[in-house]
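Starting from 1, each residue takes its place in the sequence as its number.
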Amino acid sequence: MSLADRAKDALSFALEALARAGALGENGMELLSAASWTVERPKRADHGDLATNAALALSKSAGKPPRVLAELLVRALAGNDVIASAQLAGPGFVNLRLHPRAFHAQLEEILRAGKAWGRAPAATGERVNLEFVSANPTGPITVASGRNAAFGDTVGRLLEATGARVTREYYINDRGNQVRAFAESVRAAAEGREPAEDGYKGAYVRELADWLASTDPALLRQDAEQLGPTCVAWMLRGIPSSDTLPGIRRSLAALRVNFDVWFSEESLYRGGAVAAVMGELQSRGHLERREGALFFRAPQGALEDKDRVVQKSDGTWAYFASDVAYAADKISRGYDRLMIVLGADHHGYVARVRNSLFALGLPDERFEALLYQLVFVTKEGVAVKSSKRAGNVVTVDEIMDEIDDAAGRKGAGADALRFFFLSRTASSNVEFDIELAKKKSTDNPVFYVQYGHARLCSIVRRARLLGIDRDDWQGVARVRASAGGGGDLLGGAWVKLRHADEMAMAQKLGDFPEIVAEAARQREPHRILFYVQELARDFQSYFTRLKGEGDSILPPESVRAKPGWEGEWDFAKTRARLAWVEAIRIVYAGALELMGISAPERMDRPAVEQESDEV
């Protein structure tokens with residue numbers, strides 16, 4: 001329960017007391033049950049911890065001026081266990097300041113919940129089919145597809161955090177003209193020829209051709225209809241020990257993206273799904289043949305769109321035919337919502353798929369498309385447009401490997417890509433600066449955020465090295481194991497936690513569940529990233545302010561050098577602060593996990609940081 005929810009409960013109790021006393025008119029209790037009022041943070045922190053518009057919302061029905069009702073509410077809140085003071089403001093707002101114990105209760109709740117803080121019970125929401133990436137398997141995973149992958153995967157994590165049951169699905173385009181062109185390009189490379197004008201070029205095509213020639217030369221003698229699926233299979237699987245072709249599955253896994261279902265487009269034709277759906281559209285009168293081609297005409301009441309070709313004049317099916325069959329297949333599997341992540345240039349796809357579902361009598365409102373904008377890769381201020389490995393594309397593997405090498409750890413590249421891809425709204429372009437992402441300094445936003453978590457872990461480690469865990473610091477660990485909680489879990493130490501920054505951060509930690517819920521509702525992962533960046537800045541500000549005040553979380557060396565210092569040090573305050581630090585770490589790590597970004601416990605100190613090790 002957030003502090004706003006605690007305050008709202010306290011306000012509700014006070015308003016009910018006013019209603020029972022007749023201060024809200026003859027039907028005061030009925031008025032309260034129908035009224036809608038809010039508790040929010042005021043625009044200025046010096047106005048209080050929270051503010052409510054309850055008096056304004058109730059005044060007309062209660063037959064009292066807002067300020068009069070607000071004054072009554074202020075008096076009714078006197079002696080409240082949650083709200084320490086209330087003050088009339090403006091035309092009838094009431095500013096609220098909370099008791100420190102309300103903040104302490106919030107921290108205890110976080111410590112009890114641990115990793116579950118901010119997450120709804122699993123499998124309590126919609127069944128969601130989330131299709132994303134689905135890049136044509138005719139090339140490695142590009143940076144553009146990498147943004148699709150990071151965005152789609154994080155939306156899936158957010159939906160799961162709010163209770164949804166998410167199936168992640170990759171739609172394999174393993175038939176059609178592009179796959180045939182790819183097969184012929186691989187054959188041409190094996191024979192030392194240039195591909196056709198509409199063919200595929202690049203080092204990865206030559207490497208695949210060489211691999212097939214060395215493993216089973218007969219494969220290259222297949223016709224294009226047979227060779228195409230063979231090439232697709234190896235593009236998905238990858239060539240052993242190859243940097244150029246690690247495989248689409250492996251590339252995505254390195255980016256921490258995994259799928260539950262890999263769905264073959266070819267299977268829709270092989271199993272008769274396309275023919276069946278087209279037959280249904282025909283029987284409903286939504287197909288029309290013109291000039292030899294078969295067109296889909298959207299029914300009246302559908303979204304505005306032009307007629308779409310489903311079968312070409314030469315008898316081959318257009319991609320749209322399998323798109324319709326695929327969407328219908330997903331609905332038949334019982335999903336409550338069909339989501340797909342697409343580049344912004346695919347906006348036209350949305351109307352035609354929804355119209356086809358509507359024409360089939362299926363619930364088209366279940367279909368939801370998430371569109372994202374372009375990615376621009378730069379290095380030392382120069383746009384990067386091609387890969388050293390693959391030749392004509394910039395792959396996520398090459399970028400991840402380069403950043404891993406610079407950072408000296410596996411996974412640093414995935415962290416950087418996911419961070420930058422999620423640092424903008426989906427409707428904004430992303431500029432990914434490789435050199436910035438490689439820096440071990442606070443100029444690099446990825447490093448800055450991860451270092452913030454490592455610093456929290458460092459404080460806990462140092463406390464244990466100083467033996468402070470013997471002074472009941474481990475009571476914090478027992479908090480999570482307590483049966484139902486309740487009471488003062490730090491033996492009275494919470495009263496020592498009173499610094500304004502500590503209270504403000506406790507309130508921010510309490511906001512995390514609603515931040516997660518709103519990010520999931522709006523399909524906006526960047527909200528989580530912005531939140532964790534604020535946590536990092538707020539803790540850094542507190543850290544700096546504490547030093548300026550001559551205070552510290554742990555006893556500094558200058559204190560420990562004095563004989564008998566243990567008798568003078570306020571260990572209760574240290575225990576409370578360490579519990580507060582642990583609550584921050586829990587939320588911090590949870591936010592990073594939702595974004596698929598690692599939360600290192602140790603990192604090199606930034607080269608530009610000159611501060612003392614004392615905390």
May I ask you to test the [X]-[Y] pair for a side-chain heavy-atom distance under 4.5 Å?
{"X": "L252", "Y": "V133", "value": "yes"}
{"X": "R523", "Y": "M339", "value": "yes"}
{"X": "P525", "Y": "M595", "value": "no"}
{"X": "I553", "Y": "I459", "value": "yes"}
{"X": "R575", "Y": "L497", "value": "no"}
{"X": "P240", "Y": "W211", "value": "yes"}
{"X": "R180", "Y": "N177", "value": "yes"}
{"X": "E169", "Y": "L130", "value": "no"}

The single option from R337, R521, R165 passing salt bridge (charged side-chain N to carboxylate O under 4.0 Å, His left out) against E126:
R337
Verify side chain to side chain contact (heavy atoms under 4.5 Å, CB included) between C457 and R585, making sure each step is shown before the conclusion.
CA-CA 7 Å; C457 295; R585 191 205 63 76; 3.8 Å; yes
Separation of [Y] [atom2] from [X] [atom1] (nearest 0.5 Å):
{"X": "T154", "Y": "L422", "atom1": "OG1", "atom2": "CG", "answer": "4.0 Å"}
{"X": "L219", "Y": "R187", "atom1": "CG", "atom2": "CZ", "answer": "10.5 Å"}
{"X": "C231", "Y": "L220", "atom1": "SG", "atom2": "CG", "answer": "7.5 Å"}
{"X": "K379", "Y": "E435", "atom1": "NZ", "atom2": "CD", "answer": "5.5 Å"}
{"X": "F419", "Y": "I597", "atom1": "CZ", "atom2": "CD1", "answer": "6.0 Å"}
{"X": "N136", "Y": "Y200", "atom1": "CG", "atom2": "OH", "answer": "6.0 Å"}

Would the distance check show the side chain of [X] and the main-chain N or O of [Y] forming a donor-acceptor pair, the cut-off being under 3.5 Å?
{"X": "D404", "Y": "G413", "result": "yes"}
{"X": "R157", "Y": "E593", "result": "yes"}
{"X": "R237", "Y": "G247", "result": "no"}
{"X": "N129", "Y": "K330", "result": "no"}
{"X": "S185", "Y": "A181", "result": "yes"}
{"X": "Q507", "Y": "D49", "result": "yes"}
{"X": "R256", "Y": "G411", "result": "yes"}
{"X": "E502", "Y": "H499", "result": "yes"}
{"X": "R577", "Y": "S552", "result": "yes"}
{"X": "D174", "Y": "P229", "result": "no"}

Run R409 and D415 through salt bridge (Lys or Arg N to Asp or Glu O under 4.0 Å) and show every step you take.
CA-CA 11 Å; R409 69 177 179 88; D415 288 335; 2.9 Å; yes
Centroid-centroid under 6.0 Å between Y326 and Y171 rings:
yes
Ring centres under 6.0 Å, that's the criterion: do F132 and F151 meet it?
no
Have [X] and [Y] got a donor and an acceptor in their side chains that come within less than 3.5 Å?
{"X": "S322", "Y": "E265", "value": "yes"}
{"X": "S2", "Y": "Q106", "value": "no"}
{"X": "Q373", "Y": "S428", "value": "no"}

Crowded around Q522 CD? As in, over 12 foreign heavy atoms under 6.0 Å?
yes
CZ of R168: more than 12 outside heavy atoms within 6.0 angstrom?
yes
Look at the aromatic rings of [X] and [Y] and report parallel, tilted or perpendicular, splitting at 30° and 60°.
{"X": "H526", "Y": "F530", "value": "perpendicular"}
{"X": "F259", "Y": "W262", "value": "perpendicular"}
{"X": "F432", "Y": "F420", "value": "perpendicular"}

Could you go step by step and tell me if K438 and D405 meet the salt bridge (Lys or Arg N to Asp or Glu O under 4.0 Å) rule?
CA-CA 9 Å; K438 289 161 60 174; D405 290 344; over 6 Å; no
Between F103 and W580, is the ring pair (Phe, Tyr, Trp, His ring centres under 6.0 Å) condition met? List the steps.
CA-CA 10 Å; F103 294 93; W580 173 75; over 10 Å; no
Side chain to side chain contact (heavy atoms under 4.5 Å, CB included) between I340 and Y349: does it pass, once the steps are laid out?
CA-CA 10 Å; I340 182 170; Y349 177 89; 3.9 Å; yes
Pick out which of Y531, W117, Y588 makes a ring pair (Phe, Tyr, Trp, His ring centres under 6.0 Å) with F512.
Y531
Go through the steps for T167 and Y335 under the test side chain to side chain donor-acceptor pair (under 3.5 Å), then give the verdict.
CA-CA 9 Å; T167 298; Y335 292 106; 3.2 Å; yes
As a test of understanding, state which of V559, I468, L465 forms a side-chain contact (heavy atoms from CB on, under 4.5 Å) with L554.
I468
Check step by step if salt bridge (Lys or Arg N to Asp or Glu O under 4.0 Å) holds for R41 and D511.
CA-CA 11 Å; R41 289 196 187 186; D511 294 339; 2.5 Å; yes
Please assess E557 against R560 for the test salt bridge (Lys or Arg N to Asp or Glu O under 4.0 Å), listing each intermediate value before the final yes or no.
CA-CA 5 Å; E557 186 176 353; R560 302 196 306 272; 5.1 Å; no
salt_bridge(D551, R545) N-O dist < 4.0 Å
no
